[in-house]
Protein chains: 2
Amino acid sequence: MDLRKQRVLEALIDDYIATAEPVGSRTLARKYALGVSSATIRNEMADLEDLGFLEQPHTSAGRIPSDKGYRYYVDQIMKPAPLVQAERERIRHAYQVRVRELHWFIHQTARLVSELTQYPSLVVAPPVEQSALTDLSFIPLGDSTVLMVLKTSGGMVENQTFLLPEEFDAQKLASLAQDFTREFRGVAIQELKHRILDPLQGDINRYQELWQLALKWVTGQDSEEDKVSLAGPLNILNYPEFRDVDKVRRVLGFLEKETALQLVSRTESEGVQVVIGAESLLDDIQDCSLVTATYRVGADVVGHLMVLGPRRMQYGRVMSIVQAVSDELTRVLHG
Amino acid sequence: MDLRKQRVLEALIDDYIATAEPVGSRTLARKYALGVSSATIRNEMADLEDLGFLEQPHTSAGRIPSDKGYRYYVDQIMKPAPLVQAERERIRHAYQVRVRELHWFIHQTARLVSELTQYPSLVVAPPVEQSALTDLSFIPLGDSTVLMVLKTSGGMVENQTFLLPEEFDAQKLASLAQDFTREFRGVAIQELKHRILDPLQGDINRYQELWQLALKWVTGQDSEEDKVSLAGPLNILNYPEFRDVDKVRRVLGFLEKETALQLVSRTESEGVQVVIGAESLLDDIQDCSLVTATYRVGADVVGHLMVLGPRRMQYGRVMSIVQAVSDELTRVLHG
DNA sequence: ATTTAGCACTCTTGATGCGAGAGTGCTAAA
DNA sequence: TTTAGCACTCTCGCATCAAGAGTGCTAAAT
């Protein structure tokens, strides 16, 4: 794999990403200053095909990159595309307004990323259970309904209205919330489950029904849609590889199913990751690529961020954007 | 327009709705018990075409209904399809859990409707400005941020966190909220704008900056996405008339643009409305139909509910569902 | 007067064939 | 080792053709 092969591979992939058409030796010789004739390039291309970096859709078309070709391109050749000033500012400004509501953050982030990249984007919130309780309060709304406001260790606030199982007056509610907060401050949400059921908990224990209800909401929210946000799914309609409706359906189906969530949540390693085509082992997105990143809220509770596009994705650009956004998100959520 | 013509028209439309294929006289004679031969049906079909109820894609295909044909079908022939038990229960149960958050209601409704109908559905919340303030309170979250909780006349609760323009301690905030509530209870949100700026308002007036900020959020939310919820857009991919990606893009673009919102909000009349094909005068949805309904919250503040599908929509079913859901919604929001 | 059978006519659809164009691989010369 | 030249292959678009579906019209039947 000498330098010239790399050059040819790079030029070919760049061209294919730009045009979505198989690239021939003549095109490469004409459009890119490789300093050699098309015949030479032809030979190099044949070698690259033998090495498994390129494929030929049919005998007499140009060539297109294989998964392995893209992989080499991403790992060895390509440089992350620097963001322009406007984009950096956009990212910085995205989180300056409202604050502290996790679901707002993930919505905002998903939209931001999909607008910057022009690909669909999916953002997964960190699991609530892992964060610790900081404060709980109730706001009575009348008619046995109450707004429960929960502050967690990451500085986030979750709130939800729900029906009370029995009548409480405002004062009683306030004192209940106080007792609860005093007792359980710093305890992880997932731990609360057991603590609430603990018969030794005295007064807290007397209102088990209430707490269980509350708990159900908090953790129930987990399995809900609040946890994951999808933005810009229709962007994929803009790419010619998705002119087939069945393909669109499969891919968007993947994004809406839990498969996407599982796939992305399984990733342990930090930083930007790229999954190309069949590497995902998922039939539905055989000819898509994914770029994922993680972000942190508080200490080490992590969320995930993902961009899905055609295999000929603008890797450099997307990786830079995803990196910048996840950095910014981590920064903002830490303060 | 004698009875037999109606029968033929009905059979033809039913068949076309089921198959999406142009319908020929032979098919009608065979599948539907019309009691006459295909030749007779052929004559009737020719008449129906002259009357403008049918069209021929080309000389030797069967016929398909025109907009006028569908219109006649909807207005004169078709009966609303009764819902099955399971569907009625589904609708009743949909709103039993969480309560009082308007944006939750519209999300829930959109999803419910699109799942029942298998078409995309759009739900528009009633304009916040028209409802009156009932109660305002603050929950301090530390670091100059606060959760503002606003109760409105419809019994709805809006809440949002935001940054305080200056430092307030908890007590001061509580008293501010009390003053504000006392002063403005029953005033319409849109009216608040002027009242807050009124220099005669004494103490309230001293914290103009705070109130303006708060107001900006409440009414700003109006132009935001919280106001409208789209569910099941991908359902249209299941219908053969949308095998063309460009068409899909146009139609889904329409749903995401403000056009849809404007169109539906312009409707004054109550009850279920049907817009067929070109009747909408919008190029992007030339071969789609819309079924819309209104719902009320409180006295006469209304929201809208809309289903979009191909022209050969299952009108009877969709109209029943939309009717039932909007009734239920109105009922729940009234209590 | 209506309904129906029969039939010629029209138009789509799918298969087949053909030429143009693009791109390759190979050979031989530079 | 590179390059020019050329034969070869395969797709794509276009035209042609037969089959099939459905119609409209005419004439017979009810």
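Residue numbering restarts at 1 for every chain, and letters A, B, ... go by the order of the sequence lines.
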Inset, instruction - Could you tell me which residues satisfy side chain to side chain donor-acceptor pair (under 3.5 Å) with S326(A), sequence neighbours excluded, listed by chain and number? - result: none
Legend entry - Set of residues satisfying salt bridge (Lys or Arg N to Asp or Glu O under 4.0 Å) with respect to E270(A), sequence neighbours excluded: R296(A)
Inset, instruction - Return the set of residues passing salt bridge (Lys or Arg N to Asp or Glu O under 4.0 Å) with E241(A) (not counting sequence neighbours), or none when no residue passes. - result: R312(A)
Inset, instruction - Return one dot-bracket line describing DNA chain C 5' to 3' (Watson-Crick or G-U wobble pairs, both distances under 3.5 Å; ( ) same strand, [ ] crossing, | another strand, . none). - result: ||||||||||||||||||||||||||||||
Legend entry - side chain to side chain donor-acceptor pair (under 3.5 Å) against Q286(A), all qualifying residues, sequence neighbours excluded: none
Legend entry - All salt bridge (Lys or Arg N to Asp or Glu O under 4.0 Å) counterparts of D47(B), not counting sequence neighbours: K5(B)
Inset, instruction - Go through the structure and list residues passing salt bridge (Lys or Arg N to Asp or Glu O under 4.0 Å) with R7(A), not counting sequence neighbours. - result: none
Legend entry - Summary of protein contacts for nucleotides 10-30 of chain D, nucleotide by nucleotide, where a base hit scores B, a sugar-phosphate-only hit scores S (4.0 Å, heavy atoms): BS---------BBBB------
Inset, instruction - Kindly write out the residues that satisfy side chain to side chain donor-acceptor pair (under 3.5 Å) with Q323(A), not counting sequence neighbours, or none if the list is empty. - result: none
